[in-house]
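Contents: one structure, followed by commentary.
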Amino acid sequence: MKEIVSGNFNIADIAESGQCFRLTPLGRGEYRTVANGRVLTVSHSDAGARLDCDDADYEGLWSEYFDMGTDYSAFSADIPKEDVFLTKAAEFGKGIRILRQDPWEMLVSFIISQRKSIPAIRSSIEQLCDRYGMEIAAGIHAFPTPQALAKLPLERLNACSLGYRSEYVSAASRMVDGGALDLGAIGKLGDEELMGALLSVRGVGVKVAGCVMLFGYHRLAAFPRDVWINRIIDSEYGGSFDAEPYKGYAGVIQQYMFYYARSTAHRPLSFVKACDDRI
DNA sequence: AAGCAGGGGACGT
DNA sequence: ACGTCCCCTGCT
């Protein structure tokens, strides 16, 4: 058991921020994540969060995964007070951290995400993992390897509700498995070049590539624009938002905007009220 | 039960 | 730059 004392670590905020699909609520404020070929249970504590792991695993594995080396309070401190929306959004989402997730898992997950709602994305990914991922604990499976997916006939992928995305996932798997796309090597490229390399994958456009950069390669300058972000830019910023002032951590700003907008829109009134109470 | 909102990219022009 | 097609899931 490892307790993390930080005002900038809230596992519920992280789970709802749209960056991960395998961090799931177990009830009673507990969450389970599957990453690094391991399973981890995380719960709230008064001071921050409680991780169900020992010191060695924390130091060797989870500290990195939860990006504990980054000071998130510094980001919100930089937001100008005149930007009322962003100031509120950052306060609301202050428990968000950008997880350091696996590039391969992010690539496939965000290819699948296109034209799907978050519950639908989660469902597809769970089916893929349950059927083709290695069992790492009772009933819990790791994300499938490129090799495992590369050899599947399209019908197997279709059966996981991938729809027209099956061909994209299959092709990407074969690219990575065959060495045509080296996810480790492109991680050494600069932001522009990395974007270019990701865009060369069929089924990957600017938005998906941005998500892979931000969540799989921890390129905090990436600012993926999805329908929620565009909606905010329209309603709060008159149709154009300049992420330039936040260069270096625009992706963190994106997360605050996304999480705040989704939490206040189309939710039960009780939830919205609870949100207001926190500000 | 049935109707409907939700969600990016490829490709052709 | 813009229009069209892809076509199913989860929620109400």
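Reminder, nothing fancy here: chain letters follow the sequence lines and each chain counts from 1. All values derive from a computational prediction rather than experimental measurement. The figures here come from the full heavy-atom set of this structure, side chains too, leaving out hydrogens, waters and symmetry mates.
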Under 6.0 Å between ring centres, would you say that holds for A:Phe92 and A:Tyr256? no
Check your understanding: When you check the phosphate oxygens OP1 and OP2 of B:dG6, does a side-chain N or O of A:Arg231 lie under 4.0 Å from one of them?
Key -> no
In Watson-Crick or G-U wobble terms, with both distances under 3.5 Å, the base opposite B:dG7 is none
task: Please determine if a side-chain N or O atom of A:Lys116 lies less than 4.0 Å away from the OP1 or OP2 oxygen of C:dT9.
output: no
Side-chain donor/acceptor of A:Tyr164 to base of B:dG8, under 3.5 Å: yes
Near-ring test A:Phe9/A:Tyr72, centroid separation under 6.0 angstrom: no
*asked:* Please determine whether a side-chain nitrogen or oxygen atom of A:Arg262 lies at a distance below 4.0 Å from atom OP1 or OP2 of B:dG7.
replied: yes
Here the distance between atom C1' of B:dA5 and atom CD1 of A:Ile121, to the nearest Å, is 15 Å
Quick one: are the ring centres of A:Phe110 and A:Phe21 less than 6.0 Å apart?
yes
query: Would you say A:Ser161 reaches C:dT9's phosphate, i.e. side-chain N/O to OP1/OP2 under 4.0 Å?
result: yes
With the side chain defined as heavy atoms from C-beta on, A:Lys207 is closest, among B:dG7, B:dG9, C:dC11, to B:dG9
Checklist entry - If the C1' atom of B:dA1 is compared with that of C:dC11, how far apart are they to the nearest Å? => result 13 Å
Checklist entry - Hey, does the side chain of A:Ser123 come within less than 4.0 Å of C:dG10's phosphate (OP1/OP2), counting only N and O? => result yes
Rounded to whole Å, CD of A:Glu167 lies from P of C:dC6 at a distance of 13 Å
N or O in side chain of A:Trp228 less than 4.0 angstrom from B:dG7 OP1/OP2
yes
key: Pairwise P distance for C:dT12 and B:dG7, with rounding to whole Å   = 13 Å
Result for 5'-nearest mapping on DNA chain C, choosing between A:Ala120 and A:Arg115, is A:Arg115
Please measure how far the C1' atom in C:dC7 lies from the corresponding atom in B:dC4, and state the result in whole Å. 14 Å
Tested for side chain to side chain contact (heavy atoms under 4.5 Å, CB included) against A:Ile232, the lone hit among A:Gln254, A:Met257, A:Arg225 is A:Met257
| task | Assign A:Gly203 to base, sugar-phosphate, or nothing according to its heavy-atom contacts below 4.0 angstrom with the strands shown. | result | sugar-phosphate
Whichever of A:Ile118 and A:Arg202 has the more 5' nearest nucleotide on DNA chain B, that residue is A:Ile118
Separation between CG (A:Leu99) and CG (A:Asp67), nearest 0.5 Å, reads 8.0 Å
From CG of A:Leu157 across to P of C:dC8 the rounded distance in Å is 16 Å
